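Note sheet for the following structure.
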Amino acid sequence: MKIRGNLAKRILVLVVSLFIIVHLPFGLGAETAREYLDQGQKSFDRGEYYQAIEILKKSLKINPDFIDAEFLLSWCYYQIGECEEALAHIQSAQKLDKNRFDLKNLEGNILICLGDLQKAREIFEIVLKNEPNNIESRFGLAELEITESQKYKAQAQLKEALKIAPQSKKALLKLAEINLQTGNHKQALQFIELALKYHFDDPEVHYVQALYYIDEKRPDRAIHFLQVALSINENYYKARELLAKLYFEKGEGKLAIQTVEKNFLSQKTDDLYSAYYLSGMFKKALDDFSGALDDFARALRVKYDDEVSRIFTETIAIAQLQPDDDLRKNLANFHKDEARLLMDKDYLSLALLENRRALMLNPGLLDARIAHAEIFRILGYKFKYFFMLAVLKQNYSETPAEVTDNLALNTKDVLSSLSYKWRDSLKQLQPSTPLIKVNDESFFDPYSVLRSQFSLQLFTARDQNTLFHYGAEEVLLKYIQDIFSRHDQFDIRKSAVVDNQEDVFSESRKNKSDYFLVFRINEEERSFSLIADLYLSATGRLIQSFDSFRTGNWRIRNGTDTLVNKIIKTFPLKGMLLARSFNRALANLGLRDNVRENDVFLIIKKNKLMPNKSELGFDYAPDTVVGELLIQRVDETLSEGKIQKYGFFDFINPYDELVLKPAKDTG
């Protein structure tokens with residue numbers, strides 16, 4: 001009986017315990033979920049977002065319907081820039097309570113991050129319709145206006161927020177920053193002083209005060225306030241990044257590196273990427289190329305699609321590493337693969353650009369060279385295709401059978417070309433250019449003939465640029481130059497970054513050229529725009545302006561290529577007589593220059609063709625025109641025609657210049 005009694009007591013205790021667990025509102029598991037939420041909140045407050053994410057996932061594993069954990073988890077993903085994941089979690093939270101306005105406000109901010117500005121605006125306006133004094137929605141609308149470059153509308157929203165909460169740090173500092181950006185320093189200082197009055201122990205207030213002194217050209221005072229901000233919160237990564245930039249600008253490069261390397265501890269993707277990028281940029285400036293390459297590699301691991309870090313890496317690799325270095329090979333393979341994808345989508349011009357980049361990095365990349373030739377074949381340049389394959393056959397001991405086969409298939413066409421017909425004259429004109437042998441025949445490569453060129457200089461002025469990537473002017477200008485150099489009708493005499501727009505003309509005069517281009521670069525986190533102003537070097541007169549704007553992936557490449565193509569298409573056509581035989585002559589213009597049969601060119605004495613003083617065109621004295629060339633046959637790079645001399649004497653010689661004959665005035 002005693003044993004049975006003890007067993008009955010145990011069963012009774014177990015039943016009561018199960019009843020309590022089942023019928024309590026949250027039970028013991030929910031208390032554990034709350035504890036995880038509290039731990040996650042502490043990690044979030046310290047800026048340890050990745051750690052907070054792992055803790056909050058544990059909370060949700062215990063209680064999948066824990067709305068506060070979903071809300072904070074969404075905030076964590078938003079803070080590290082993973083906005084799609086943040087949106088998924090805030091939407092899960094709203095399924096549990098669709099009427100909470102704090103959830104809606106966070107959703108609105110996430111949508112701004114994702115670029116859905118219209119939907120974000122609708123959300124903030126719905127909240128304000130129900131709660132006119134909801135300050136977070138007013139901040140959201142202000143952020144929208146800033147994103148859309150409507151700073152005055154943003155100020156109106158923030159001033160409404162101040163009416164609701166006169167001591168709001170967020171409103172005061174945002175108003176200070178907007179006034180700094182619009183040049184109203186006096187008003188900015190008033191908002192900063194109010195923020196200091198109410199929030200002296202907040203590091204962000206001292207950060208904005210540092211921005212004020214930067215605009216006032218007082219970097220030492222700015223450094224002081226950034227140090228104050230970091231003394232309050234040593235994990236204030238934004239302040240440390242700005243401090244590192246100021247050290248760098250003062251010429252204290254090593255201190256700048258030491259400062260920014262402390263940001264390697266950040267758990268926020270944007271902070272971490274920026275720290276690696278800045279460290280790499282600083283080290284490059286100090287000629288620590290190995291360290292710079294390491295840091296840019298880290299930056300690319302954080303943001304694999306970041307073009308500027310990749311361009312920095314490639315620029316250093318080309319200048320400092322041997323062509324067979326593994327890093328150069330890996331970088332080249334990246335562009336080779338991108339070229340193949342572009343070819344598959346018929347984006348042949350961009351595929352050429354990417355293949356060219358691959359070959360700059362790894363000149364020995366045989367499959368990229370074959371692919372490069374194939375693109376020209378698809379574009380209809382059969383002679384270019386033939387001579388590229390011929391060079392491969394000549395320089396590579398092991399080439400695929402397709403190279404030999406395609407050379408044989410195209411030989412007949414090349415034997416009937418202008419470059420073959422005029423081979424001896426071209427060889428005499430350019431004796432240092434070797435003939436290319438294919439089987440038992442020798443050919444003169446028509447793409448190696450002398451090219452009539454416009455001389456250019458490229459500039460950008462730091463005071464005219466807005467860059468998301470600090471200090472990237474030089475490498476971006478070099479990239480623009482690399483894309484320009486695809487086009488052999490231009491001789492790039494110089495490219496340089498100057499401090500002020502006023503320095504450009506005097507700098508351009510030091511190195512004579514026909515024209516100079518000044519690029520204005522506006523780079524934001526998700527967009528890239530270029531404006532190029534073309535000037536006449538002789539007088540500094542503005543001739544024409546060009547622009548391009550791109551968003552999304554490859555925005556720098558696509559935007560730059562678009563702008564360069566616009567510029568090239570605007571330049572007038574000019575050429576040169578290469579050789580003549582009686583009344584027949586060979587010109588260095590062809591199908592690639594849009595020359596067609598029956599075009600007529602004026603023949604102008606050598607060195608007598610000058611840039612027009614007021615527009616993109618030419619000036620020449622009437623007595624320098626010695627004849628005409630009527631085009632009767634056209635190849636890819638060459639054309640042949642009939643000469644008609646002006647006057648009794650024949651003054652027409654090789655190297656004389658060619659311009660299209662103006663259409664007769666029929667008025």
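Because the structure is predicted, anything quoted here is derived from the model rather than measured. In what follows, every heavy atom counts, from backbone to side chain, and hydrogens, waters and symmetry copies are set aside.
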Got a sec, which residues hit ring pair (Phe, Tyr, Trp, His ring centres under 6.0 Å) with [X], two or more places apart in sequence or on another chain?
| X | answer |
| --- | --- |
| Y236 | Y207 |
| H335 | none |
| F264 | Y276 |
| Y237 | none |

Against the six-membered ring of F546, is K566 placed for a cation-pi contact (under 6.0 Å from the centre, within 45° of the normal)? no
Residues forming a side chain to side chain donor-acceptor pair (under 3.5 Å) with N588, sequence neighbours excluded: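 Side chain to side chain donor-acceptor pair (under 3.5 Å) list for N588, sorted by chain: S452.
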By side-chain contact (heavy atoms from CB on, under 4.5 Å), which residues pair with [X], not counting sequence neighbours?
| X | answer |
| --- | --- |
| R451 | Q453, D488, Q489, L589, R592, D593 |
| T551 | S527, F549 |
| S485 | R356 |
| E82 | Y77, I80, E85 |

Please check: side-chain N/O of [X] versus main-chain N/O of [Y], any donor-acceptor pairing under 3.5 Å?
| X | Y | result |
| --- | --- | --- |
| R328 | M360 | yes |
| T182 | I178 | yes |
| E523 | H469 | yes |
| S455 | D514 | yes |
| Q457 | K494 | no |
| S274 | D271 | no |
| Q501 | Q464 | no |
| S495 | K478 | no |

What residue pairs, at least two apart or across chains, pass side chain to side chain donor-acceptor pair (under 3.5 Å) with a residue in residues 316-325?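 Pairs touching residues 316-325 that pass the test: none.
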Pairwise side chain to side chain donor-acceptor pair (under 3.5 Å) hits with a residue in residues 192-201, at least two apart: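 Listed once each, the pairs would be none.
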Contact check, side chains of [X] and [Y], non-hydrogen atoms, under 4.5 Å:
| X | Y | answer |
| --- | --- | --- |
| Y304 | R310 | yes |
| F484 | L456 | yes |
| F296 | Y277 | yes |
| D463 | E502 | yes |
| L563 | I567 | yes |
| F505 | F516 | yes |
| F528 | T560 | yes |
| T269 | V302 | yes |

How many angstroms lie between [atom1] in [X] and [atom2] in [Y], if you round to the nearest 0.5 Å?
| X | Y | atom1 | atom2 | result |
| --- | --- | --- | --- | --- |
| K284 | T313 | NZ | OG1 | 11.0 Å |
| N465 | I521 | CG | CD1 | 4.5 Å |
| K574 | E657 | NZ | CD | 6.0 Å |
| L517 | Q544 | CG | CD | 10.5 Å |
| I556 | I311 | CD1 | CD1 | 5.0 Å |
| L293 | R298 | CG | CZ | 12.0 Å |

Quick check: are there more than 12 heavy atoms from other residues, nucleotides or ligands sitting under 6.0 Å from [atom1] of [X]?
| X | atom1 | value |
| --- | --- | --- |
| Y50 | OH | yes |
| E525 | CD | yes |
| K608 | NZ | no |
| Y347 | OH | no |
| E234 | CD | no |

Scan D482, D337, D561 and name whichever one has a salt bridge (Lys or Arg N to Asp or Glu O under 4.0 Å) with R357.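 By the salt bridge (Lys or Arg N to Asp or Glu O under 4.0 Å) criterion, R357 pairs with just one of D482, D337, D561: D482.
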Please determine, by modelled atom types, if S537 and S513 share a side-chain donor-acceptor pair under 3.5 angstrom.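 Judged by distance alone, the side chains do pair up.
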Would you be so kind as to tabulate the donor-acceptor pairs closer than 3.5 Å made by side chains of residues 214-225, with sequence neighbours excluded?
from, atom 1, to, atom 2, distance (Å)
D215, OD2, H185, NE2, 3.4
E216, OE2, H185, ND1, 2.6
D220, OD1, K250, NZ, 3.1

Measure up the F490 and F571 rings against each other and bin them: parallel (under 30°), tilted (30 to 60°), perpendicular (over 60°).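 Geometry flag for F571 against F490: perpendicular rings.
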